[in-house]
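Following: one structure in structure tokens, then a few remarks.
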Amino acid sequence: QVQLVESGGGLVQAGGSLRLSCVASGRIFSIKIMGWYRQVPGKERELVAGISVAGNTNYADSVKGRFTISRDNVKNTYLQMNSLKPEDTAVYYCYALVNGNMDYWGEGTLVTVSS
């Protein structure tokens with residue numbers, strides 16, 4: 001059993017910053033990719049940022065230059081979000097590709113950016 005637990009969401013004014021954290025636990029031998037997705041009601045879940053075990057990163061165009069994804073070991077990942085905009089308001093989900101081929105998701109953390 002593998003669990004991903006997110007934290008760090010909340011309410012912030014436009015232009016502010018938040019840092020999301022995701023901690024993976026359980027029967028984990030490897031995590032090839034970790035990432036952050038977000039979803040607003042009525043829309044599909046979209047990729048925000050991803051990071052490989054080698055440290056390679058990719059970002060949605062809408063967050064490039066404002067968000068930074070990082071990992072400090074195999075099981076933890078973070079999303080530093082700066083210059084937040086109201087359109088960044090969403091539920092943010094942590095994702096991990098575990099033990100080669102298993103997808104796991106966290107339960108999500110709500111980020112609300114007020115104008």
Inset, instruction - Check the pair V74 / V53 against side chain to side chain contact (heavy atoms under 4.5 Å, CB included), numbers first and verdict last. - result: CA-CA 7 Å; V74 173; V53 66; 5.7 Å; no
Inset, instruction - Step by step, work out the side chain to side chain contact (heavy atoms under 4.5 Å, CB included) result for L97 and I31. - result: CA-CA 6 Å; L97 180 63; I31 301 181; 5.6 Å; no
Inset, instruction - Might you work through the side chain to side chain contact (heavy atoms under 4.5 Å, CB included) test for T68 and Y78, ending with a clear yes or no? - result: CA-CA 8 Å; T68 302; Y78 307 93; over 6 Å; no
Inset, instruction - Give the intermediate values and the outcome of side chain to side chain contact (heavy atoms under 4.5 Å, CB included) for residues T77 and C94. - result: CA-CA 8 Å; T77 187; C94 180; 4.0 Å; yes
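At least one side-chain heavy atom of R45 sits under 4.5 Å from a side-chain heavy atom of Y93.
Distance alone, capped at 3.5 Å, is enough to place a donor-acceptor pair between the E6 side chain and the G108 backbone.
Summarising the geometry of S114 relative to L11, their closest heavy-atom pair is CB-CD1, 4.3 Å, with the distance given to 0.1 Å. When all heavy atoms are compared, the tightest approach of N99 to F29 is OD1-N, 2.6 Å. Nearest heavy atom pair, residue V40 against residue A90, reads CG1-CB, 3.6 Å.
Residue C22 is tested with M34, K75, R71 for a side chain to side chain contact (heavy atoms under 4.5 Å, CB included); the sole match is M34. The side chain to side chain contact (heavy atoms under 4.5 Å, CB included) test with R38 is passed by exactly one of V91, V63, V111, T89: V63.
Side-chain heavy atoms closer than 4.5 Å link hydrophobic residues (I, L, V, M, F, W, Y) into clusters, and following such links, possibly through other members, connects L20 to F67.
For R66, the salt bridge (Lys or Arg N to Asp or Glu O under 4.0 Å) partners are D88, not counting sequence neighbours.
Residue L4 holds its CG atom at 7.0 Å from CD1 of I28, rounded to the nearest 0.5 Å.
The aromatic rings of Y95 and W105 sit tilted, their planes meeting at an angle between 30° and 60°.
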